[in-house]
Amino acid sequence: MKRRLVVLLTSIYPFDSGEEFIEGEIEYLAASVERVIVIPVHTPSPKEQTRQVPPNVEVRTIGEFIDLRTQLTTAINTVLSSPPMLFLHSPKKYLIETRFAGSARTRFEGVRRALADVDFHEYDSVVFYAYWLVKTAAVAVWMRDGIDHPNAKAVSRAHRSDLYSDYAWANHLPARKFLVSSLDMIYPISNDGKRELIEKNGAEGDRVVVQRLASKAITETPRKRPSRTHLVSVSSIIPVKRLDLAANAVAEAIRRGVDLQWTHVGDSGPESLQWLRGEIEKLGISKNVDIKGRLTNDATMQLLKSTDFTALMNTSSSEGVPVSIMEAIGSSLPVLCTNVGGSGELIKDGFNGWLLDVEMGASEIADRIAQIDTISNQKYEEMSRAARDTWERLCKPDHNYPRFATMLQEL
């Protein structure tokens, strides 16, 4: 039996919160190889490990290996090696590239030192698996090139913020050419992401394979149309989520006579909650809205199973493949969402939800809410079953993650 090692490079998992998808994936990844080492790269010195990992998964951190001397040396070398013509062409892009290179190189040094005791040649294959197409991916490439192993590979997933430049600072994501040309494989989580990599980043098609994420396992929830239309949204409170647009659409639907309730889960800190509650109050719909703030992932999944809800609402201007949509359809809950990123690959208009054009305003979204309010019981139950069927086909962890683990074995 071949001995295989996977080094998983994350942002912060398994510390603190975030990257909840990995919680579902890690058990399948661990079952497929002899050893997994997880290293959070973006947060060198995380405080508390908050997630358990399988027995053959080892967690290491890099904070103790990144000293001031390493940071200064890396920063100086990065500036000296950066092309001056880029600065003349675009100072902002120069700053983005140099900051990225310096930070990524510093973290690479940390990872290299954290793995100094590992004899990679004990293993028949070594895969450096970056969870994000940013610094983690650069570190994966440099680690692969530095261990002199005949069957070492560097691969990366690609999501949204690490893939679509439209919402990056100065509309620029760093090191695109380097990453797409250097990684052995890139695994976007949607077909839309694959198109972005090939058409806008110049990635070779045979090195880009869609590998979808999955929600946690969800038991089926039989649904009937609630007597009152009740929308639920789950997201952080940041501009790209456009919760002001959602609030205005809800207010407009209520003005038209729709008996409507809206529950929101999630925040981006106390100030964001205060802002959203202020918007709700200004619109005069406070009695129709319940802002719950941040809940744990398990509590959120339990909430989505409530049969009081009619649909999940998502008005984002940009997405990868939202976990909230996967969790909603897993709970047989139809979805009202913008057709951005991979959302439209899960939601089909009139089949398991309602798609919104990203350019729609509050009045047009209110039209769709009114449509939901008048749907027949039979049609709603059909859409609810279709939502669950979609989850079974595209979002089940015991389907998506073993397939991806096998793909990594076969590199």
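The chain is numbered in sequence order, starting from 1. Computed over heavy atoms, backbone and side chain alike; hydrogens, waters and symmetry mates excluded.
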Any donor-acceptor pair under 3.5 Å linking the side-chain atoms of [Y] with those of [X]?
X	Y	answer
H230	T310	no
N297	E327	yes
D192	S190	no
S332	R385	no
R99	S103	no
E97	H172	yes
S268	K241	no
R35	Y123	yes

Report the relative orientation of the aromatic rings in H159 and W132; use parallel for angles under 30°, tilted for 30 to 60°, perpendicular for over 60°.
-> tilted
Between the main-chain N or O of [Y] and the side-chain N or O of [X], is there a donor-acceptor pair closer than 3.5 Å?
X	Y	answer
N352	K348	yes
K224	Q378	no
R176	P174	yes
R160	V321	no
S182	L179	no
D259	R228	no

Is [Y] paired with [X] through a side-chain N to carboxylate O contact shorter than 4.0 Å?
X	Y	result
E23	K216	yes
E281	R277	no
D349	R368	yes
R60	E58	yes
R207	E204	yes
K396	E392	yes

Criterion salt bridge (Lys or Arg N to Asp or Glu O under 4.0 Å) on K194 and E196, from CA distance to verdict | CA-CA 5 Å; K194 180 177 181 176; E196 183 81 8; over 6 Å; no
Check whether any side-chain heavy atom of S324 sits under 4.5 Å from a side-chain heavy atom of L312, and report yes or no.
-> yes
Taking the side chain as C-beta and beyond, is there a heavy-atom pair between I325 and W391 under 4.5 Å?
-> no
Positive for side-chain hydrogen bond (donor to acceptor under 3.5 Å, both in side chains) with D267, one of K292, R294, Q274 = R294
Test side-chain contact (heavy atoms from CB on, under 4.5 Å) applied to F15 and V59, step by step = CA-CA 10 Å; F15 296 86; V59 179; 3.6 Å; yes
Evaluate the criterion side-chain contact (heavy atoms from CB on, under 4.5 Å) for residue pair E345 and R212; output intermediate values, then yes/no.
-> CA-CA 11 Å; E345 295 171 26; R212 297 186 183 277; 2.8 Å; yes
Carefully, step by step, assess R113 and E109 under the rule salt bridge (Lys or Arg N to Asp or Glu O under 4.0 Å).
-> CA-CA 6 Å; R113 295 174 187 179; E109 283 299 319; 3.8 Å; yes
Trace of the side-chain contact (heavy atoms from CB on, under 4.5 Å) decision for V323 with F21 = CA-CA 8 Å; V323 62; F21 283 117; 3.3 Å; yes
Would you sort out whether N314 and S316 count as a side chain to side chain donor-acceptor pair (under 3.5 Å), showing the intermediate values?
-> CA-CA 6 Å; N314 181 311; S316 294; 3.1 Å; yes
Side-chain donor-acceptor contacts of residues 3-12 below 3.5 Å, not counting sequence neighbours, with atom names and distances?
{"from": "R3", "atom 1": "NE", "to": "E34", "atom 2": "OE1", "distance (Å)": "2.8"}
{"from": "R3", "atom 1": "NE", "to": "E34", "atom 2": "OE2", "distance (Å)": "3.3"}
{"from": "R3", "atom 1": "NH1", "to": "E122", "atom 2": "O", "distance (Å)": "3.1"}
{"from": "R3", "atom 1": "NH2", "to": "E34", "atom 2": "OE2", "distance (Å)": "2.9"}
{"from": "T10", "atom 1": "OG1", "to": "Y13", "atom 2": "O", "distance (Å)": "2.7"}
{"from": "S11", "atom 1": "OG", "to": "H42", "atom 2": "ND1", "distance (Å)": "3.2"}

Centre of Y129's six-membered ring, under 6.0 Å away, within 45 degrees of the axis: is that where NZ or CZ of R157 sits?
-> no
List the steps and the verdict of side chain to side chain donor-acceptor pair (under 3.5 Å) for T221 and K305.
-> CA-CA 6 Å; T221 303; K305 293 177 73 65; 3.0 Å; yes
Decide if atom CD of Q49 counts as having more than 12 heavy atoms of other residues, nucleotides or ligands within a radius under 6.0 Å.
-> yes
Any side chain to side chain donor-acceptor pair (under 3.5 Å) involving residues 136-155? Give me the pairs, sequence neighbours left out, ordered by first then second residue.
-> R144-D184
